[in-house]
Amino acid sequence: FFSKEYVVAAAQDVGVKLASRKVLSTTLLDSIFKDVELGTAATLAALMFIDGSSDGWRKNACEQGAGLMNFCALTLVGALFWDAVNCAALRKDSHGIANLLEEKAIAMSGGDVKCFAGWIVDNTKANWGALLILDERHPYWINRGCLGHGLSLAMKDFTKFSCGAFRSS
């Protein structure tokens, strides 16, 4: 709706200095990230109960060209982004995923994994295997698959079945 020139002029009229793209993507972004990271760590340190959520993105869905896995802390005050990991070097089996989830739980909880409640992950075979490993290591965690992801998979199966049945009649 507004041209670049209009936005620049409007900012100048109210005395706001706009940052360049280079400053936004480097210096300013780094500064904002550090502030958010410190705020997130301080918030988590003050809480007694943290739940973890993780989601993976295939490399064909990522602009970076590598698969990513993100981690969020689910707390009584809301969801807080924790980290995103390039999964190119991750051992994509149950043990590799379990080790990564455990590492992130330790970091999120400040080393006190007794205040960590457990993980919610996508319902892949490797993730379920990882949850079983974590159940053995941390029996007080409540690890579970994502209900939304489970419903999505069920709908995909239902669609495949119903479309296949429809075509064959």
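Below, each value reflects all heavy atoms present in this structure, side chains not excepted, and no hydrogens, waters or symmetry copies.
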- request: Under the side-chain contact (heavy atoms from CB on, under 4.5 Å) rule, what do V121 and C146 come out as? Steps first, then yes or no, please.
  value: CA-CA 6 Å; V121 297; C146 173; over 6 Å; no

query: For F71 and M108, what are the C-alpha separation, side-chain angles and deciding distance, and is it a side-chain contact (heavy atoms from CB on, under 4.5 Å)?
result: CA-CA 10 Å; F71 302 90; M108 281 184 198; 3.8 Å; yes

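Take D135 and apply the side chain to side chain donor-acceptor pair (under 3.5 Å) test, not counting sequence neighbours, and it matches N143. Taking the side chain to side chain donor-acceptor pair (under 3.5 Å) definition, one finds that W128 meets it with N123, sequence neighbours left out. For R137, the side chain to side chain donor-acceptor pair (under 3.5 Å) criterion is met by N99, E102, not counting sequence neighbours.
Among all heavy-atom pairs drawn from A130 and I97, the shortest one is CB-CG2, 3.7 Å. Taking every heavy atom of both residues into account, S94 and G129 meet most closely at OG-CA, 3.3 Å. The two residues A98 and I133 have their closest heavy-atom pair at CB-CG2, 3.8 Å.
Inter-residue side-chain proximity for L131 and W141 is flagged as unmet; no heavy-atom pair is nearer than 4.5 Å. The shortest distance between side-chain heavy atoms of L101 and S54 falls below 4.5 Å.
For I142, the CD1 atom is loosely surrounded, since the number of other residues' heavy atoms within 6.0 Å does not exceed 12.
Ring orientation note: the planes of F116 and W119 are tilted relative to one another, at an angle of 30° to 60°.
The OG atom of S53 sits 12.0 Å away from the CG atom of L80 when rounded to the nearest 0.5 Å.
Contacts classified as salt bridge (Lys or Arg N to Asp or Glu O under 4.0 Å) and involving residues 73-88 (residues at least two apart or in different chains) are given here: D83-K104.
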